[in-house]
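Comments concern the structure below.
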There are 2 protein chains.
Amino acid sequence: MTAAADRTFSISELAQEFDVTTRAIRFYESEGLLTPERQGQRRIYSRRDRVRLMLTLRGKRIGLSLLEIRELFELYDAASNDEPQLTKFVDILSRREQQLTQQMQDIQLVLREIGQLKAQCENWMEKRSGGLPE
Amino acid sequence: MTAAADRTFSISELAQEFDVTTRAIRFYESEGLLTPERQGQRRIYSRRDRVRLMLTLRGKRIGLSLLEIRELFELYDAASNDEPQLTKFVDILSRREQQLTQQMQDIQLVLREIGQLKAQCENWMEKRSGGLPE
DNA sequence: AGCATAGATTACGTTAACGTAAACTGGAAC
DNA sequence: GTTCCAGTTTACGTTAACGTAATCTATGCT
């Protein structure tokens, strides 16, 4: 049994590590995404909270709203329950899968366009710099 | 010369085709993304406007703000100008490329997780349905 | 002429996700 | 003791991207 398994974190530690403001972290709590303990009035974050913060930020990066992220947390927590819950869970996952796949295709399109545009630009610039040798 | 090359569109035609409200289309105009002609007071959209609307919506899907989309339009229009403009253009493209690549990786991660979760759920549900044969 | 319909203009409302400021607390360091 | 410092609460402000009326206009149809 290693002794550091229950490491905890202060709010500013997490803020630094993930490059968000403490305000944002408290806001996520107010939205039900984090549930830190208290030591007096100070918030004290567990490993679990840290993971949830990570997942929250990743969720945001892929365009989920805080509400959706929270729903996923709740469904995930309750997922070992009854079958209707499970079915709903799978439904949501499928829909999101659908959207994300679409999103990836869009991104790939745009990336290709960007590549072409960049090549074109660099082409032009080369020609210009080579075209007037004093 | 075919005669229909200069087809134009009404606002509600575009609204229908792309499944957005007319309000949104007028809003995009007010933000400088579209520049329809006028026939009296009615807006009359060209092929070019239609393409820009398409690009606007695609930009939104991949998480660009209307302002960013407008900047890209402007840069694209001015791209055949001088070299500093071109350099700036390539810069912006590179940054966006960077972000989009990151975003794609995030999405791929989540898609993998979703796949696993779905498999797990279906696994559970199978076991249950098979476990109680009356 | 009268009416319906599509479109225009103006303006206020809304939601999400925090930012920002003010005022307070509790322990640590000097 | 007092001065920092990190943290807390409360509350109002902000931005983006439209939604939602309300009111007005132009036009084609009957």
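Throughout, protein chains are lettered first and strands after them, A, B, ... in sequence-line order, and every chain is numbered starting at 1.
Residue B:E68 qualifies as enclosed at atom CD: its count of foreign heavy atoms under 6.0 Å is above 12. Counting heavy atoms of neighbouring residues, nucleotides and ligands inside a 6.0 Å radius, atom CD of B:E17 exceeds 12 of them.
In terms of the salt bridge (charged side-chain N to carboxylate O under 4.0 Å, His left out) criterion, A:R42 has no residue partners (sequence neighbours excluded).
Taking atom CG of A:L57 as the reference point, atom P of C:dC18 lies 9 Å away to the nearest angstrom. The CD-P distance, from B:E13 to C:dT5, rounds to 18 Å in whole Å. The separation between A:Q41 atom CD and D:dC5 atom P is 19 Å, rounded to whole Å. One atom, OH of A:Y28, and another, P of C:dG19, lie 8 Å apart when rounded to the nearest Å. For the pair A:E68 CD and C:dT15 P, the interatomic distance rounds to 16 Å; values are reported in whole Å. In this structure, CD1 of B:I11 is placed 17 Å from P of D:dT27, rounded to the nearest angstrom. Rounding to whole angstrom units, CD1 of residue B:I44 and P of C:dA6 are separated by 16 Å. A straight line from CG of A:L66 to C1' of C:dT15 spans 12 Å, rounded to a whole angstrom.
Scanning all heavy atoms of the two residues, the minimum distance from A:E13 to A:R7 falls at OE2-NH2, 3.3 Å. Across all their heavy atoms, B:I44 and B:Q39 have their closest contact at CG2-N, 4.3 Å. The minimum heavy-atom distance between B:T21 and B:A15, with the atom names listed, is C-CB, 4.3 Å.
Using a 4.0 Å cut-off, some side-chain N or O of B:R43 falls inside it from OP1 or OP2 of C:dA8. Within the structure, every side-chain polar atom (N or O) of A:T21 is placed at least 4.0 Å from both OP1 and OP2 of C:dC18. Under 4.0 angstrom from either OP1 or OP2 of C:dG7 there lies at least one side-chain N or O belonging to B:S10.
Map A:R42 and A:E31 each onto its nearest nucleotide of DNA chain C; the residue landing nearer the 5' end is A:E31. Between A:R23 and A:R26, the residue anchored closer to the 5' end of DNA chain D is A:R26, taking for each the nucleotide with the nearest heavy atom.
For the helix from C:dA1-D:dT30 to C:dC30-D:dG1, the axis fitted to the five pairs at one end and the axis fitted to the five pairs at the other end meet at an angle of 10° (nearest 10 degrees).
Nucleic acid contact for B:S65: sugar-phosphate only, since backbone atoms but no base atoms lie under 4.0 Å from a heavy atom of the residue.
Between A:D77 and A:R48, at least one side-chain N (NZ, or NE/NH1/NH2) sits under 4.0 Å from a carboxylate O, which counts as a salt bridge.
Here the nucleotide nearest the side chain of A:K60, chosen from D:dC18, D:dG7, C:dC18, is C:dC18. The side chain of A:A24 approaches C:dG19 more closely than any other nucleotide in the set C:dG19, C:dG7, D:dC18. Looking at the side chain of B:S12, the nearest of the listed nucleotides D:dG19, C:dG19, C:dA6 is C:dA6.
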